[in-house]
Amino acid sequence: MRLIGFTYRWGTPPRTVAPTDRDFRLLLSWLARAYPVAEVQSGQGVVAATAAPPFGSPGST
């Protein structure tokens, strides 16, 4: 499984927000419990988001 985290600018003054290693570990822990398999193989990466927060789907309020 490939996990992709996004960095984005938020707040006043703006600061960069990014997922931590703990965020990725917690997600993998949840996946291992939700889908009990012998092993969960994963990789992770972080990219810059191009959309401005707050994030939502088109047409959502």
Side-chain angles (χ1 to χ4, degrees):
M1 173 169 297
R2 182 80 172 148
L3 305 174
I4 302 173
F6 293 94
T7 62
Y8 57 94
R9 305 278 294 161
W10 183 257
T12 305
R15 66 182 186 94
T16 300
V17 180
T20 64
D21 285 335
R22 183 175 187 261
D23 296 321
F24 288 112
R25 285 193 316 269
L26 288 171
L27 179 58
L28 287 172
S29 172
W30 179 84
L31 286 169
R33 288 177 281 122
Y35 301 97
V37 295
E39 181 181 10
V40 176
Q41 296 181 0
S42 70
Q44 66 191 49
V46 178
V47 297
T50 56
F55 304 110
S57 59
S60 67
T61 56

Do the side chains of [X] and [Y] join up, straight or via other hydrophobic residues, at under 4.5 Å, putting them in one cluster?
{"X": "V37", "Y": "M1", "result": "yes"}
{"X": "V40", "Y": "L27", "result": "yes"}
{"X": "Y35", "Y": "L3", "result": "yes"}

Quick check: closest heavy atoms across [X] and [Y], and the distance to 0.1 Å?
{"X": "G5", "Y": "P19", "value": "CA-CG, 3.7 Å"}
{"X": "A48", "Y": "T7", "value": "CA-OG1, 3.2 Å"}
{"X": "G45", "Y": "F24", "value": "O-CZ, 3.9 Å"}

Review point. Rounded to the nearest 0.5 Å, what separation is found between the CG atom of D23 and the CG atom of L28?
Key: 11.0 Å
Point to revise | Straight-line distance of T50 OG1 to Y8 OH, nearest 0.5 Å | key: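 Going from the OG1 atom of T50 to the OH atom of Y8 covers 14.0 Å.
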Practice item. Side-chain contact test, heavy atoms from C-beta onward, threshold under 4.5 Å: evaluate it for Q44 versus V46 and give yes or no. Key: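 No. Closest side-chain heavy atoms not under 4.5 Å.
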Check your understanding: Is there a donor-acceptor pair under 3.5 Å between the side chain of R33 and the backbone N or O of S29?
Key -> yes
**Study point:** side-chain hydrogen bond (donor to acceptor under 3.5 Å, both in side chains) partners of T16, counting only residues at least two apart
**Key:** R9
Point to revise | side chain to side chain contact (heavy atoms under 4.5 Å, CB included) partners of L26, counting only residues at least two apart | key: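 L26: side chain to side chain contact (heavy atoms under 4.5 Å, CB included) contacts with R22.
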